[in-house]
Amino acid sequence: MKIYDHKKIEKKWQTVWDKKKAYKTSNKSKKKKYYVLDMFPYPSGVGLHVGHPKGYIGSDVFARVKRMQGFNVLHPMGYDAFGLPAEQYAIEHNINPRQAVEKNVKTFEKQLSVIGLSYDWDRRVNTTDPEFYKWTQWIFLRIYNSWYNKSVDKAEPIKKLIKIFEKSGNEKVNAVCDSNIAIFTAREWKLKPPKQKQDMLMKYRLAYEGYAQVNWCPKLGTVLANDEVLDSSSGPVSERGGYPVEKKDMRQWFMRITAYADRLLVGLDGLNWSAHIKEIQKNWIGKSEGLIFSAKVKESDMVIKTFSSHYQTCYADTFFVIAPDHPLLPKLLEGRPEKDAVLKKAKEIVEKKNKQGADYKDIDGIFTGRYATDSLGNGDLPIWVASFALKDYGTGIVKCSAHDERDFAFAKKFNIKLKEVVEPIFIAHADKLDSNLPFVERNAISAVIKHWSEDKYLVIKWKKTNWYTFVTGGIKNNETPEQAAIREIKEETGYTNLRIKTVLPPCHSKFYHIPKKQNRFAHFSNFYFELVDGQKVEISNTETEKHEVLWMTIDEIRKCLTPEGQLRDLDIVLGTQKAYIGNGMLTEPEEFKGRESDEVREEIAEWLVKKGLAVKKINYKMRDAIFARQRYWGEPIPLQYDEEGIIRELPEKKLPLVLPPVKSYQPTGTGESPLGSVKDWVKNGYETNTMPGWAGSSWYFLRYMDPKNKKAFANKSAIKYWKNVDMYVGGQEHATGHLLYSRFWHKVLKDYGLVVTEEPFQSLRNQGLIMAADGRKMGKRYGNAINPDDIVKTFGADTLRVYEMFMGPFEASLPWSTDNIVGSRRFIERVWKMSQKMKILKNVSKIDPKLETLLHKTIQKVNNDIENFAFNTCISSMMILLNEMEKQENIHKKDFELFVKILSPFAPHVTEQIWHDFGHTTLLVLEPWPKADKNKIKETEVTFVIQINGKVRGEFQAKAEISEDEARKAIEHMPEIKKWIEGGIKRFIFIPKKLINIVV
RNA sequence: GCCCGAGUGGCGGAACCGGUAUACGCGCACGACUUAAAAUCGUGUCUCGCAAGGGAUGUGGGUUCGAUUCCCACCUCGGGCACCA
């Protein structure tokens, strides 16, 4: 018997596959295509740990199965090598970043090569290769030369927009563009000087130049995306290096991704991605439907606009808040004596906000001295400045009301008048309400009663329900609510000498009245009484039996009081109430009085729009993406500025615009990129910013389709054949970055017919992390990294692969355990030994039919589980099969070969060797994938579980098709069942092929 | 704060659509082989109980003949967003 020598076997077959080009993929194939893609890595200098290949192994297993299933599989690998880490490394070691990248790529490939991944290495791409980034620049220019035409809902050439301007100006243009655009006619357009034309077009382009407040990191000398900034105790810091980050206004390039907000949202529906990632993207896009209201500023010709999505309470609005950095603020203050003071304070507010770590709950604000009148008739409302109004969301001005937590808190702090238009409806035990019954309405009172000398309030404890409430009761006919309250207090507590302090606002309650079996809708009039003294009359026995009268402190009450509405009454009495933002009965406008605010929301919107009081508007949280870095190591932006500042794009022939050598990669620290110190570069007027890290990764998957093409980013027929990625595997940390940006670019390309699908990645799976044994993240910096090279050396690549797939669910983050890996090694060794045994024969006379059933069931399960990326259960089912085969006297060679085939994607080397030892001359990795034999899976005999009252009491073998009556007869006399059913059977539940439950 | 997701043996985890909870693996215990150990193979391994039987899937309740699975409340952990009107 040969010894299992993983080193020899793995080396041998890796060489053979390589020589025979087993994984080479052709673009000219009649087979159906399948594109399995890994998120390409950033080749870092520190090398891999065992966590890195997990995703690659998963996608490799999947790609191997698809290949064996007869698909033409595209499974490539490449490098995303622009960006900060390589540049940092270059600065630290004073070498060209390109050298660092080359070195790191070599290390990376050496480490990957021993794992046996089935990539077509001939298609490898590298974003820093000029032949690659030529096309990144080309696509950039395409986006730059586009605007978004909302009328046809797609990107169109800017030339078309210029034609429209020349013909009829911009009034009728329906575009996604800068919100601040003056209307001009065709004549006015033609008269504009070139620079003004350029500036105007910039407001429409999908890639545009502008100024923005950005996360500026002085130490790194660059701008960082929000997801590259982390919060720390000392304020925001860079993800890399942990250097301080501040806000700064800088010239930037942007991508108008917001033009695609809706398509990015809608497109999610058709994708086979995890619900979790879709949810993250959905929240990130943050669609919100609302209304725009206008208001006239008093003693001025200004009109201000506000956006609201909680417009059902718009008649409660009592003040405005404008963002402190709003461009209209200075204009608003024009001619006001407090102008300078307000602007100074506004500046302070902005600065305070920018200094992170400040507690924004502590909102600062200042009154502008201006009032505005809204068209709803809410009166003259003061305009305040506060940082919670965001200049980039909605209109930058908020109309505020008592029915918003933040507005409410702000108003309380600055003593601004509030008004409520919703009377709260509290629902007690919503699940108990009977949806079939109508609501029976009742009028009632509730009273907060203060003790005559102590700081205590009267609470009633209901003996039956153990509820604690204030005095409460129904209103009789011919009684005012106040009379009812006084009567109820007397009846329930005996106190008579009381004085009304306040009439509290009404509220309502819906609940299920258990004794009467009714849905109740009670309308409460609420009062606050104070007792003058303890004078009391006798109360009836029927009352004392029901309840007990208690005096409690506020803290005690808060702990035990049952009705929500009464807690609110107490808060109003104490002045500690919060905004009510829930559902309730509207008191205004008159047309909707008495109706429920949540219910009439849509109706109110229509009504307001119809009356011309508001306009519908959709807002998104998502902002345009900054597309520039003040660094060296990125794709140059292929644009040239002349002396007048006119921008010229580089013609396609001149692409790629190659990064020039520089003396120092050190950031200048002024915000300008090292390119600013290259004389020729500046003389030529080239843009000194470079593209951000996400440029190349936004389209690289298209380059794999035709990686060597010199005439296009990929040949049309290649794009038509490969279409898009069928299965994409990578980390979920890219949810709001790469995965969104690539979808955006893909949609732009789709609008031009340059790609054929709306979405780039049809299915997406996210591998979980492998944590270190100590529970922390694995990494060099923690000193807990396990090198895959060591594991491959000791246990073999097949063992590593099987173990990483067997550890647990693919998407879960799990701790590494070098102890547990021996289980996977034993499994492979047992497979090996089994293959060497004499009991595997070509002609076996007696084959256990149960083994055949198990074999084919296993094939079926592996098939299903692989589609679901449930690799861990694939392996466990194959282990079960192996356990069973080991118990057999003899096994048919054909059967064992089926097992070897389904194991092959997980452990390709050892299975290839076994296949070869069995006398085959073909490559196992290219063999057809087995199908489960349906006839062999069919079970004729099944085991029923017998339960009595849901508890397992026995088992019972029977034909699969046994009828309920037959089963009943058969088991009634079984002794272990008989003893339970002597008292008679109430119910007999029969689940075919599975279970019988007898209720006694 | 808001929005997701998850909580099952000593450990990693399994359980399809509501139908035998703890598959598979690790570990541990015992046994076989061995002078011995390792490796390998075999047996056992949630818990209380002598047994009959009872109790366990974060906690408490509900729906159901039957709940890890569905519903409600709470606790803990992980992730996303964070003044988004």
Side-chain angles (χ1 to χ4, degrees), chain A residues 226-227 231 274-284 286-288 290-291 306-311 317 320-321 323 353 359-361 363 386-390 392-401 403-407 409-410 429-432 619-623 732-733 735-736 802-803 806-809 811-824 826-827 829-830 833 861 864-865 868 870 872-883 886 943-955 979 986-991 993-1000:
Chain A
N226 279 333
D227 46 295
D231 273 326
S274 77
H276 181 229
I277 297 274
K278 286 197 200 181
E279 186 73 22
I280 292 174
Q281 287 209 351
K282 203 176 149 190
N283 290 343
W284 183 265
K287 185 176 179 173
S288 158
L291 297 177
T306 61
F307 172 78
S308 169
S309 62
H310 200 254
Y311 44 73
D317 295 339
F320 292 93
V321 169
K353 179 173 178 164
D359 183 7
Y360 298 145
K361 291 273 174 268
I363 310 163
S387 62
F388 71 77
L390 306 172
D392 294 325
Y393 186 79
T395 64
I397 306 173
V398 194
K399 196 141 69 84
C400 302
S401 80
H403 298 293
D404 179 280
E405 266 179 73
R406 192 193 45 204
D407 298 354
F410 184 77
H429 301 286
D431 51 315
K432 296 234 162 62
N619 262 326
Y620 299 93
K621 282 189 204 171
M622 187 170 64
R623 303 290 146 81
Q732 66 155 52
E733 66 273 18
T736 56
V802 167
Y803 176 61
F806 179 63
M807 286 172 81
E811 314 216 341
S813 288
L814 300 164
W816 174 266
S817 160
T818 305
D819 289 336
N820 280 357
I821 200 172
V822 301
S824 302
R826 281 179 200 151
F827 170 61
E829 276 186 31
R830 278 162 54 207
K833 276 185 207 157
K861 182 165 172 60
N864 281 337
D865 288 356
N868 298 323
N872 55 332
T873 49
C874 283
I875 291 168
S876 83
S877 66
M878 286 190 280
M879 285 173 170
I880 294 168
L881 177 63
L882 180 68
N883 289 346
E886 281 175 340
T943 307
F944 280 84
V945 169
I946 307 168
Q947 293 183 337
I948 311 291
N949 289 341
K951 286 205 160 42
V952 180
R953 300 295 181 194
E955 274 183 4
K979 66 174 178 180
K986 278 195 194 132
R987 232 179 121 177
F988 192 88
I989 290 138
F990 179 80
I991 311 293
K993 295 183 196 177
K994 275 207 175 121
L995 170 142
I996 292 159
N997 189 12
I998 304 169
V999 186
V1000 293

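The chains referred to below are lettered A, B, ... by the order of the sequence lines, with proteins before strands, and numbering in each begins at 1.
Considering only side-chain atoms of A:F806, the nucleotide from B:C24, B:C16, B:C84 that sits closest is B:C24. Distance from the side chain of A:N997 is smallest for B:G66 among the nucleotides B:G66, B:A23, B:C26. The nucleotide whose nearest atom lies closest to any side-chain atom of A:N883 is, among B:C65, B:G13, B:G25, B:G25. When distances run from any side-chain atom of A:L390 to the nucleotides B:C24, B:C84, B:G27, the shortest one goes to B:C84. Comparing atom distances between the A:K979 side chain and each of B:A85, B:G13, B:G53 picks out B:G53 as nearest.
Base contact: A:V398 has a heavy atom under 4.0 Å from a base atom. Using a 4.0 Å heavy-atom distance criterion, A:I989 is classed as a base contact. Residue A:R953 is classed as a sugar-phosphate contact, given heavy-atom separations below 4.0 Å to backbone atoms only. No engagement by A:E829 is indicated, since no non-hydrogen atom pair under 4.0 Å with the nucleic acid exists.
For the OP1/OP2 pair of B:A14 and a distance below 4.0 Å, the side-chain nitrogens and oxygens of A:N872 include at least one atom meeting the criterion. A sub-4.0 Å separation between OP1 or OP2 of B:C84 and a side-chain N or O of A:R406 is present. For B:G27, one of the phosphate oxygens OP1 or OP2 lies less than 4.0 angstrom from a side-chain nitrogen or oxygen of A:R826.
Between A:F944 and A:F990, the ring planes are parallel. Angles under 30° get that label, and only those over 60° would be called perpendicular.
For a distance-only test at 3.5 Å, the side chain of A:S387 qualifies as a donor-acceptor partner of the base of B:C83.
Taking atom CZ on A:F990 and atom P on B:G66, their separation rounds to 20 Å, with Å as the unit.
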